[in-house]
A.B. asks: 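One structure is given below, represented as structure tokens, and several questions about it will come after.
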Amino acid sequence: MIESLYTPMQVDLRKRARELAEKVMRPVAQQHDVEQSFPWPVQKAIKEAGLYGVWIPKEYGGMGGGVLDLCLVVEEFSRACGGMGVAYAVNALGSFPIIVGGTPEQKAKWLPRVASGEAMISFGLSEKEAGTDAGSMITRAEKAGDDYVLNGEKKWNTGGAVATYNTVFAVTAPGRGARGISAFVVEKGMPGYRVGKHEDKMGIRCVPVVEIHLENCRVPAANLLGGAEGHGFKHAMQTLDRARPGVAAQAVGLAQGALDLAMEYTRHRKQFGQTVDSFQGVQWMLADMATQIEAARQLVHHAARVIDSGARGISKVSAMCKLMATDTAMKVTTDCVQLFGGYGYCKDFPIEKYMRDAKITQIYEGTNQVQRLVIARNMLREASGAPE
Ligand code: CAA
């Protein structure tokens, strides 16, 4: 990192995140991966370090940082453990709808508790039959007096089992497509809100990914984000534009973490009487990986800076950084396993976990096929001269 390119707060954040990751996360990463258990001591350490407030505006108890600040922290956490990186970053995904679409009263009600780490928050968009085609969701929210009654099931709810709040998207006006979708903040313990199946996953095993059941779940009308129906899909898309660089930063962290391990291994592993890092074929692999990681990192930081500048039309660059960084992470972590040979395929070494953790980054918060769709749609719109 060339420190002069970053603010003093960003340099400090990155340093603190790295120290926490090395001291608190790395030593327990394998244990939580094996047990598929949530790392509560890690959550406590992040809370005590004040790092849940990074992306939350100062007036709501946060640090007032932006997407770049968030990405710097997520990269460092993910370098030690990809699951712990997303367990943290998903709180940004869950709270961005409040930041982009909530009323001042709603922001004042929920954001301070997220910023302090007292409450975690998840994001309830996907359903069994509505993944990539998020707009085809069927979870219904019907007005009943001062409440809305929610019925349906949400899928792939990352962090949902440990979150106090869940930003849930539901149909308030059937037949109106994306314009008939609204967002609600649903609080754990509300009658009719139930955490269901826990997925048994290939990677990111320390963070629970669950189904959420809404069975005549009564939510106060005051929890309708923005206080008006029909803006939920737009808020979901605006959220994903801001959150995808966080997934990209997770991918950069995973790739860097894997390369760190591969460097260490190849410097000590001997074959044919010499360490394997002395072979040119290995050196070229190391050089290619370092170059690909740095290119991905710089695209992530560029995208984050564009978003933080308040510019319009951020979807394309956000999708580009997610696509490039996550494909890089998959390639780099796979090549690092290759450098470990047979040992890389076994759980005695931590390297195989990096490859397992990397895979999901190409899938969640929009598959990389969706990212290509978003990029191409925006390219064609720009070429036609149509406004954003
Ligand atoms: N910002 C603001 N508004 C936007 C927007 C954006 N980036 N993108 C679309 N919209 C608006 C459009 O302007 C349009 O509004 P109007 O109806 O007023 O004209 C409306 O949204 C519908 O837009 P589209 O017709 O383009 O929508 P679409 O149905 O064709 O879908 C899509 C587009 C890009 C495929 C979108 O559905 C999508 O991003 N899908 C992937 C969803 C996703 O990422 N899911 C992951 C969820 S999180 C997760 O993975 C789990 C977890 O917990 C980590």
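The basis for the numbers below is simple: all heavy atoms, side chains too, and nothing from hydrogens, waters or symmetry mates. Whatever order the structure lists ligands and atoms in, that order sets their numbers, starting from 1.
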A.B. asks: Closer than 4.0 Å to some heavy atom of L240 - which atoms of ligand 1 meet that?
C.D. replies: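 Selected atoms, number and element: 43 (C), 44 (O).
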
A.B. asks: Contact between G135 and ligand 1, counting heavy atoms under 4.0 Å?
C.D. replies: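 Checking ligand 1 against G135, which is what was asked, there is no heavy-atom contact under 4.0 Å.
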
A.B. asks: Protein heavy atom under 4.0 angstrom of atom 15 (O) of ligand 1, is there one?
C.D. replies: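 There is no protein heavy atom less than 4.0 Å from atom 15 (O) of ligand 1.
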
A.B. asks: Under a 4.0 angstrom heavy-atom cut-off, which atoms of ligand 1 come close to S315?
C.D. replies: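 Contacts of ligand 1 toward S315, numbered from 1: 7 (N).
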
A.B. asks: Under 4.0 Å from atom 32 (C) of ligand 1, can you find at least one protein heavy atom?
C.D. replies: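 No, because not a single protein heavy atom sits under 4.0 Å from atom 32 (C) of ligand 1.
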
A.B. asks: To the nearest 0.5 Å, tell me how far L224 CG sits from D147 CG.
C.D. replies: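 L224 atom CG to D147 atom CG measures 12.0 Å (nearest 0.5 Å).
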
A.B. asks: Answer yes if a protein heavy atom lies under 4.0 Å from atom 51 (C) of ligand 1, otherwise answer no.
C.D. replies: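 At least one protein heavy atom is under 4.0 Å away.
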
A.B. asks: Would you say atom 12 (C) of ligand 1 has a protein heavy atom nearer than 4.0 Å?
C.D. replies: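 No, no protein heavy atom sits under 4.0 Å from atom 12 (C) of ligand 1.
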
A.B. asks: Looking at non-hydrogen atoms alone, which of E365, R244, Q371, Q238 comes nearest to atom 39 (O) of ligand 1?
C.D. replies: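 Closest candidate by heavy-atom distance is R244.
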
A.B. asks: Are there protein heavy-atom neighbours of atom 7 (N) of ligand 1 below 4.0 Å?
C.D. replies: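 Given the 4.0 Å cut-off, atom 7 (N) of ligand 1 counts as touching protein heavy atoms.
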
A.B. asks: Would you check the N or O atoms of Y364, main chain and side chain alike, for any that come under 3.5 Å of an N or O of ligand 1?
C.D. replies: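 In fact, backbone or side chain, Y364 has no N or O that close.
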
A.B. asks: Determine whether any protein heavy atom is located less than 4.0 Å from atom 25 (O) of ligand 1.
C.D. replies: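 Not a single protein heavy atom is under 4.0 Å away.
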
